[in-house]
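Down below is the structure, laid out as structure tokens.
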There are 2 protein chains.
Amino acid sequence: MVQEPLEVLNRYLTEHGMKHTRQREIIVEEFFKSNKHLQIEELLNQVKKVEPSIGYVTVYRTLMLLKECGLAHQRHFGEGKSLFEKAGDHHDHMICIKCGSIHEFEDDRIEKLQDQIAKRINFKIVSHRHEVYGCCSRCQNE
Amino acid sequence: MVQEPLEVLNRYLTEHGMKHTRQREIIVEEFFKSNKHLQIEELLNQVKKVEPSIGYVTVYRTLMLLKECGLAHQRHFGEGKSLFEKAGDHHDHMICIKCGSIHEFEDDRIEKLQDQIAKRINFKIVSHRHEVYGCCSRCQNE
DNA sequence: ACTGATTTGAAAGTAGTTTTCATTGGAGAT
DNA sequence: ATCTCCAATGAAAACTACTTTCAAATCAGT
Ligand SMILES: [Mn+2]
Ligand SMILES: [Mn+2]
Ligand SMILES: [Zn+2]
Ligand SMILES: [Zn+2]
């Protein structure tokens, strides 16, 4: 049975002597409401619609917290701002260099080949990033 | 027949009304002398042994120049400083998160699978990065 | 050597975080 | 309900890794 994100977070908070706050509640709710890859500032804008006094730093810190308890992933596509997405099944990304759209993919055959190569040099894989940059279907027709 | 890096560079310089300078000569020579993935500051240190008056910015600009003429690649592993390596056959990387050592690999089967996935969504690939992070053989025994 | 554009190096500027610190606020104890 | 204390917050400052600016120095064609 899968744990609800909020349960995981609440357990993490109590186990670490951390507090429940209105800000965290709003930020986490807005984050999980969206299904996109979000910049900190994008999430901040969402959050400010609910509570305008919340600042960038609190959103930033809450995302770090979600990362720490494994509920979010931080991605660094290209060279600009990083993006956050909720954790879920593993996948990699194809990123359109024209419009920025992101297409997720996953392929067990690639992951297996990757494991084989690692095993050959006795390398213990902890994580990987496989990012493909190019031009999406929509951006090719214009 | 393969072009010598220096020929390629010199042609690029004259074709773009750029000049041949002692600094560029030293920096390029030191860069191609090494076979590693180098930080700007590492290359700067090498260069300063030959000519201490050369500054960071000139090394930086020369590396940008080498990138522009396709003689070097810039890599962004992890989140820190970027690394530069001379251009050559395409390959991807396994990076040890303990000691920082880098193992290059290439696998046509992975590249083919990647092409297939792209074709399926009509995505035109321009470039990709496939980086595997983990623990190298040496760092596991200690 | 003269000339005019290019290069150089120090310093300043930028982007995207990340840390600091004074103040506010949550929650268990009284 | 109030106390108390430690954690959380937000504004501002600091930080990192570049990137640009600008005045002085260099290069290379007359
Ligand atoms: Mn994703
Ligand atoms: Mn390499
Ligand atoms: Zn696109
Ligand atoms: Zn290692």
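Nothing here was measured: the structure is a model prediction, and the numbers come from that model. Each chain gets a letter, A, B and so on, in the order its sequence line appears, and its residues count up from 1.
Side chains of B/Glu41 and B/Tyr56: a donor-acceptor N/O pair is absent below 3.5 angstrom, by distance only. Looking only at atom types and distance, the side chain of A/Thr58 has no donor-acceptor partner in the side chain of A/Gln23 under 3.5 Å away. In this model, a donor atom of one side chain and an acceptor atom of the other lie less than 3.5 Å apart for A/Glu111 and A/His90.
With rounding to whole Å, B/Leu43 atom CG is found 16 Å from D/dC18 atom C1'. Rounding to whole angstrom units, CD of residue A/Glu79 and P of D/dC18 are separated by 9 Å. Note: OH (A/Tyr60) to P (D/dC15) measures 15 Å, nearest angstrom. One interatomic measurement links the two molecules: CD of A/Glu68 to P of C/dT18, which rounds to 12 Å at whole-angstrom precision. Residue B/His76 contributes atom NE2, which lies 13 Å from atom P of C/dG16 at whole-angstrom precision. The separation between B/Leu44 atom CG and C/dA10 atom P is 10 Å, rounded to whole Å. Going from atom CZ of B/Phe84 over to atom C1' of D/dA17 covers 11 Å, rounded to whole Å. When rounded to the nearest whole Å, the span between CG of A/Leu63 and P of C/dT18 equals 11 Å.
At the phosphate of D/dA17, neither OP1 nor OP2 sits under 4.0 Å from any side-chain N or O atom of B/Ser82.
Using modelled atom types, no side-chain atom of A/Glu51 and backbone atom of A/Lys48 make a donor-acceptor pair closer than 3.5 Å.
The distance between the ring centers of B/Phe77 and B/His93 falls below 6.0 angstrom.
A salt bridge is defined here as a Lys NZ or Arg NE, NH1 or NH2 lying under 4.0 Å from an Asp or Glu carboxylate O, and A/Lys33 with A/Glu30 meets this definition.
For B/Lys81, taking side-chain heavy atoms from C-beta onward, the closest of the listed nucleotides C/dA11, D/dA17, D/dG10 is D/dA17.
Within a heavy-atom distance below 4.0 Å of DNA chain C, the residues of residues 13-36 of chain A found are A/Lys19, A/His20.
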